[in-house]
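Reading through the structure tokens given below for one structure.
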Amino acid sequence: METNTVTTDREQKNFLEQIIENDLQSGKVSAIQTRFPPEPNGYLHIGHAKSICINFGLAKKYGGKTNLRFDDTNPVKEDTEYVDSIKEDIHWLGFDWAGEYYASDYFEQLYSWACELIKKGLAYVDDQTLEQIRENRGTVQTPGKNSPYRDRSIEDNLRLFKEMREGKYKDGEKTLRAKIDMAHPNMNMRDPIMYRIIHASHHRTGDKWCIYPMYDYAHGESDSIEKVTHSICTLEFDIHRPLYDWFIKSLEIYPSHQYEFARLNITNTVMSKRKLLQLVKEGYVAGWDDPRMPTICGFRRRGYTPESIRRFCEDIGVAKRDNLIDYSRLENSLRDDLNKRANRVMAVLHPIKLIIDNYPTNQTEELEAVNNPEDESKGKRKITFSNTLYIEQDDFMENAPKKYFRMTIGQEVRLRYAYIVKCTSCEKDEQGNVTTVHCEYDPLTRGGDTPDGRKIKGTIHWVDANNCIDAKVNIFDRLFLTEKPDEAEEGKTFLDNLNPNSLTVLEGCKLEKSLKDAKPLDKFQFERLGYFSVDYDSREDNLIFNRTATLKDSWTKQK
RNA sequence: UGUCCCAUGGUGUAAUGGUAACACAGCAGAUUUUGGUUCUGUCGUUUCAAGUUCGAGUCUUGAUGGGACAACCA
């Protein structure tokens with residue numbers, strides 16, 4: 001292994017990279033093998049994306065491999081629906097796995113290893129009930145008590161365990177336990193349960209088994225079978241590591257090692273699968289892929305790109321201390337990506353009419369607009385202009401503050417790519433809302449240039465009222481009102497922190513004609529407004545856009 | 001009154017006993033046919049105490065604060 005390239009490298013490395021480089025240099029491992037081990041009992045969320053980027057990213061960086069392994073040891077919670085969605089999401093994120101495995105592939109091996117542990121006197125069949133086991137486990141501060149069945153003979157244990165497998169017992173009647181230490185300060189070491197009886201069909205093995213291994217017994221052994229060198233998981237498993245090591249050592253099998261990092265937390269959202277499932281099941285959101293959900297499919301539907309999510313995961317880094325990342329970091333990554341890639345178009349979300357009184361009534365002309373000022377290769381397009389346009393409600397004010405550079409009576413403003421116009425008057429409805437604004441244009445400023453060189457501070461976007469299309473636009477706000485929704489007040493739950501206004505549907509938005517063929521997941525920057533993506537439910541005659549994120553806005557801040 | 005993990009600007013993440021740094025956010029300015037982008041400048045950091053050392057963010061001990069652990073979940 002070359003070491004000189006590494007030492008001269010000034011790049012910052014996280015603790016996992018340091019561990020891996022040490023292991024590679026010392027010869028502890030010759031190549032690295034990682035794995036991403038989801039349980040197929042829910043959809044992947046942004047926290048999983050972090051784990052995916054770490055596991056796949058590390059293997060890629062150091063020339064190793066990553067397996068996808070489904071941790072499917074609990075048939076009552078798992079389903080192929082989740083298997084499929086998980087695979088889709090990983091691919092969409094841009095990763096491909098070396099091997100696709102299932103813990104259930106290893107059930108036979110796991111069973112025979114369990115028999116080996118029995119033969120070594122390191123496991124026993126326990127007849128205690130769930131309640132008795134719980135009671136005798138003790139507490140974190142008091143030692144537990146040995147089970148009365150703890151000293152059964154190896155022969156009895158072997159026979160009983162075989163009978164468990166054969167279906168001779170009902171759910172809960174017996175368990176197989178590792179024989180470690182009921183007084184161990186680490187609760188996980190107090191004779192942890194290795195197998196429980198569950199008479200339920202498994203999504204892959206059907207009714208072949210009625211005993212299923214627990215996570216602690218299955219996970220490390222699966223890692224070992226796959227010769228995983230670095231088994232990377234979140235912090236809450238660090239207390240399981242002694243047990244992880246105990247099984248591997250007792251079985252004398254390939255020594256995989258577990259390393260833990262701090263899970264991702266993001267402001268104003270929840271990240272637990274249980275809570276996400278609850279939001280879906282109880283109808284607080286429209287589904288797993290609701291654009292307000294922190295799921296991968298939710299972000300996808302909202303308009304996020306895989307690149308922006310990967311970039312985000314790199315940005316936030318990896319360490320062992322608890323963290324809470326501001327949601328805006330996600331938006332930053334998105335803007336950074338889409339600024340360079342999304343074509344610009346003009347759209348008016350809250351339309352009011354703008355009538356150019358000195359422009360010929362029946363005239364229409366075509367103007368040229370740049371598709372992406374960051375990327376000349378995206379070319380230009382034609383947009384039409386006439387005497388009646390739509391502009392944004394916010395872009396007109398009757399009594400404007402002095403730093404308001406938009407439309408207000410007597411002030412000149414540029415209509416993007418069109419003309420300089422001067423606002424003359426407005427019309428209101430009975431409630432006093434402005435419905436129509438009048439102005440006059442300067443014919444010498446076609447395209448938006450000022451031949452006399454006068455400076456125009458404001459430029460606003462517009463849509464030709466005589467040549468535009470209607471659309472529905474979903475505006476999303478944070479799903480939760482508080483930064484840490486999990487921390488609910490006394491007697492309340494995270495549900496009480498839900499934002500009742502997290503979704504606003506805008507009807508009758510006006511879009512430039514070029515958008516008529518937009519297909520689901522197409523992404524655009526609506527000039528001055530933000531990034532928008534076409535929703536799955538969008539149809540040619542009923543366009544629906546999702547606002548992915550706004551543009552940075554230093555104006556509303558100034559106000 | 002247990003065991004384990006963690007503690008660096010507002011938020012994250014580096015610094016491997018030798019000048020505390022980078023990103024984002026904030027603030028100020030420049031540029032701009034998007035109040036976007038881009039560019040420049042700027043603000044601001046080692047939880048506390050003792051110890052080891054020529055020298056400590058880093059090592060030791062203690063304290064404080066935060067987190068994890070008592071599913072036949074993962």
Side-chain angles (χ1 to χ4, degrees), chain A residues 10-14 18 22 37-39 41-42 71-74 76-78 103 126 128-130 133-135 137-144 171-177 184-190 192-198 211-212 214-216 218-219 233-242 260 262 267 273-274 315-326 328-329 332-333 335-336 339-340 344 346 369-370 373-374 403-406 414-418 420 445 447-450 456-461 525-530 550-558:
Chain A
R10 297 261 296 281
E11 167 207 11
Q12 299 186 346
K13 295 181 187 85
N14 66 50
Q18 291 170 17
N22 285 340
E39 182 188 13
N41 69 340
D71 234 330
D72 56 348
T73 57
N74 187 357
V76 300
K77 286 190 176 177
E78 295 148 8
D126 195 353
Q128 291 184 108
T129 63
L130 200 157
I133 288 179
R134 192 173 295 160
E135 220 168 278
R137 185 151 32 218
T139 71
V140 288
Q141 286 170 31
T142 57
D171 287 10
E173 217 175 318
K174 285 181 167 34
T175 58
L176 183 74
R177 294 235 250 165
H184 202 286
N186 182 340
M187 298 290 289
N188 290 295
M189 300 297 272
R190 320 247 260 231
I193 290 165
M194 294 170 60
Y195 273 93
R196 75 289 213 193
I197 299 169
I198 304 176
I211 57 170
Y212 292 92
M214 297 282 289
Y215 167 86
D216 282 308
H219 198 94
C233 61
T234 47
L235 243 35
E236 65 265 28
F237 291 100
D238 77 326
I239 201 156
H240 293 248
R241 185 166 11 95
E260 310 86 15
T267 55
K273 274 202 224 174
R274 203 204 88 234
D315 271 1
I316 58 175
V318 187
K320 295 192 78 161
R321 78 191 82 117
D322 293 332
N323 60 80
L324 179 63
I325 310 286
D326 199 290
S328 61
R329 291 292 282 263
N332 287 340
S333 310
R335 292 188 192 112
D336 193 59
N339 176 47
K340 297 183 206 85
R344 274 62 167 168
M346 293 205 280
V370 173
E374 307 291 318
K403 286 209 163 178
Y404 186 80
F405 305 139
R406 310 176 194 181
R414 176 185 292 109
L415 295 175
R416 179 137 233 228
Y417 297 126
I420 311 298
T445 58
D449 295 313
T450 51
I456 305 296
K457 283 289 265 222
T459 300
I460 66 170
H461 62 277
Q525 184 195 107
F526 289 1
E527 293 221 28
R528 302 210 302 135
L529 297 175
T550 60
L551 253 31
K552 249 202 244 168
D553 182 2
S554 51
W555 165 243
T556 46
K557 234 182 283 178
Q558 191 181 122

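Basis for what follows: all heavy atoms, side chains included, without hydrogens, waters or symmetry-related copies. For clarity, every value in this text was computed on a predicted model and none was experimentally measured. Naming: A, B, ... by sequence-line order, numbering from 1 per chain.
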Task: Under 5.5 Å and under 30°: A:Trp555 stacked on B:rG35 - done: yes
- [ ] List in chain and number order the residues that pass side-chain contact (heavy atoms from CB on, under 4.5 Å) with A:Gln18, two or more places apart in sequence or in another chain; answer none if no residue qualifies.
- [x] A:Lys13
TODO: Rounded to whole angstrom, note down the P distance from B:rG29 over to B:rG18.
DONE: 41 Å
Task: Between B:rG66 and B:rG41 - P atom distance, rounded Å - done: 40 Å
Between the protein and nucleotides 26-31 of chain B, are there any N/O to N/O pairs under 3.5 Å, and if so, what are the atom names and distances?
| residue | atom | partner | partner atom | Å |
| --- | --- | --- | --- | --- |
| B:rG26 | OP1 | A:Lys557 | NZ | 2.6 |

- [ ] Give a yes or no on whether a donor-acceptor pair under 3.5 Å exists between the nucleobase atoms of B:rU34, that is its base, and the side chain of A:Arg344.
- [x] yes
TODO: Remember a base hit wins even if backbone is also touched, and classify A:Arg137 as base, sugar-phosphate or nothing at under 4.0 Å, heavy atoms.
DONE: sugar-phosphate
TODO: Check the distance between B:rA71's P and A:Glu135's CD and give it to me in whole angstrom.
DONE: 13 Å
Task: Spacing of A:Asn41 atom CG relative to B:rA74 atom C1', expressed in whole Å - done: 7 Å
TODO: Could you check whether A:Thr129 gets within reach of a base, just the sugar-phosphate, or nothing at all, counting any heavy atom under 4.0 Å?
DONE: base
- [ ] State the dot-bracket string of RNA chain B. Criteria: Watson-Crick or G-U wobble, both atom distances under 3.5 angstrom; notation: ( ) intrastrand, [ ] crossing earlier pairs, | interstrand, . unpaired.
- [x] .((((((..((((....[..)))).(((((.......)))))....(((((..]....))))))))))).....
Open item on the list: Within the 4.0 Å heavy-atom criterion, would you say A:Tyr404 contacts the bases, only the backbone, or no part of the nucleic acid?
Closed with: base
- [ ] Write down the distance between OH (A:Tyr417) and C1' (B:rU34), rounded to a whole number of angstrom.
- [x] 8 Å
Open item on the list: Output the rounded distance in Å from CD1 (A:Ile460) to P (B:rG36).
Closed with: 16 Å
Open item on the list: Once hydrogens and angles are ignored, does a donor-acceptor distance under 3.5 Å link the base of B:rU3 to the side chain of A:Gln141?
Closed with: no
Task: Conformer about C1'-N of B:rA71 - syn within 90° of 0, anti elsewhere - done: syn
- [ ] With C1' as the reference atom in both, quote the distance from B:rU52 to B:rG17 in angstrom, rounded to an integer.
- [x] 11 Å
Open item on the list: Taking any heavy-atom pair under 4.0 Å as a contact, classify A:Gln128: base, sugar-phosphate, or nothing.
Closed with: base
Open item on the list: Between B:rU11 and B:rU45, how far apart are the two C1' atoms, rounded to whole Å?
Closed with: 12 Å
Open item on the list: Show the nearest heavy-atom pair for residues A:Glu39 and A:Asn74, with the distance to one decimal.
Closed with: OE2-CB, 4.0 Å
Open item on the list: Rounded to whole Å, please give me the gap between CE in A:Met187 and P in B:rC4.
Closed with: 15 Å
TODO: Describe the nucleic acid contact of A:Arg190 in one word from base, sugar-phosphate, nothing, applying a heavy-atom distance below 4.0 Å.
DONE: nothing
- [ ] Identify, with sequence neighbours excluded, every residue that meets side-chain contact (heavy atoms from CB on, under 4.5 Å) alongside A:Pro242.
- [x] A:Asn186, A:Met189
- [ ] For B:rA7 versus B:rU58, give the span between their P atoms, rounded off to a whole number of Å.
- [x] 11 Å
Open item on the list: With hydrogens left out and only the distance checked, is there a donor-acceptor pair under 3.5 Å joining A:His240's side chain and the base of B:rA68?
Closed with: no
Open item on the list: Taking only side-chain N and O atoms of A:Thr267, does any of them lie within less than 4.0 angstrom of OP1 or OP2 on B:rU11?
Closed with: no
Open item on the list: Under 4.0 Å, counting only non-hydrogen atoms across every strand here, what does A:Thr142 touch: a base, just sugar-phosphate, or nothing?
Closed with: nothing
Task: B:rG36 and B:rG26, which share atom name P, separated by this distance in whole Å - done: 11 Å
Open item on the list: In whole Å, measure the gap between the P atoms of B:rA21 and B:rG35 for me.
Closed with: 37 Å
Task: Side-chain donor-acceptor pair present, A:Thr139, A:Gln141, cut-off under 3.5 Å - done: no
Task: Atom-to-atom span, CG of A:Asp553 to P of B:rA25 - whole angstrom - done: 14 Å
Open item on the list: Is it the case that the side chain of A:Arg196 and the backbone of A:Asp171 share a donor-acceptor pair, with hydrogens and angles ignored and the cut-off at 3.5 Å?
Closed with: no
- [ ] Mind checking salt bridge (charged side-chain N to carboxylate O under 4.0 Å, His left out) for A:Asp553 and listing every partner two or more places apart, or none if nothing turns up?
- [x] none
Open item on the list: Say we look at B:rC69 and B:rA50: how far apart would their C1' atoms be, to the nearest angstrom?
Closed with: 32 Å
TODO: Report which part of the nucleic acid A:Lys403 touches: base, sugar-phosphate, or nothing (heavy-atom distance under 4.0 Å, all strands).
DONE: base
Open item on the list: Please enumerate all residues that pass side-chain contact (heavy atoms from CB on, under 4.5 Å) together with A:Arg321, with sequence neighbours excluded.
Closed with: none
- [ ] For A:Pro242, report the nucleic acid contact type (base, sugar-phosphate, nothing); a contact means any heavy atom under 4.0 Å.
- [x] nothing
TODO: Starting at atom CE of A:Met214, determine the distance to atom P of B:rC73, rounded to an integer number of angstrom.
DONE: 5 Å
Task: Listed partners of A:Asp315 passing salt bridge (charged side-chain N to carboxylate O under 4.0 Å, His left out), at least two apart - done: A:Arg311
Open item on the list: For A:Lys340, give me all partners under salt bridge (charged side-chain N to carboxylate O under 4.0 Å, His left out), at least two apart in sequence or on another chain.
Closed with: A:Asp336
- [ ] Check salt bridge (charged side-chain N to carboxylate O under 4.0 Å, His left out) between A:Arg528 and all other residues, then give those that pass, not counting sequence neighbours.
- [x] A:Asp395
TODO: Give the B/S/- string for nucleotides 13-20 of chain B, one per nucleotide from 5' to 3', where a protein heavy atom under 4.0 Å of the base yields B, of only the sugar-phosphate yields S, and otherwise -.
DONE: BSSB----
Task: Under 3.5 Å: donor-acceptor pair, side chain of A:Arg190, backbone of A:His184 - done: yes
Open item on the list: Distance check needed: B:rG2 P versus A:His184 NE2, whole Å only.
Closed with: 17 Å
TODO: Indicate, with a heavy-atom threshold strictly under 4.0 Å, whether A:Ile456 touches base, sugar-phosphate, or nothing.
DONE: nothing
Task: N/O (side chain, A:Arg196) to phosphate O (OP1/OP2, B:rC73) under 4.0 Å - done: yes
Task: Qualifying residues under side-chain hydrogen bond (donor to acceptor under 3.5 Å, both in side chains), relative to A:Glu260, sequence neighbours excluded - done: A:Arg241, A:Gln258
TODO: Would you please name every residue forming a side-chain contact (heavy atoms from CB on, under 4.5 Å) with A:Glu135, sequence neighbours left out?
DONE: none
TODO: Report which part of the nucleic acid A:Tyr212 touches: base, sugar-phosphate, or nothing (heavy-atom distance under 4.0 Å, all strands).
DONE: nothing
TODO: Would you kindly say whether A:Asn332 and A:Arg329 are connected by a side-chain donor-acceptor distance under 3.5 Å?
DONE: no
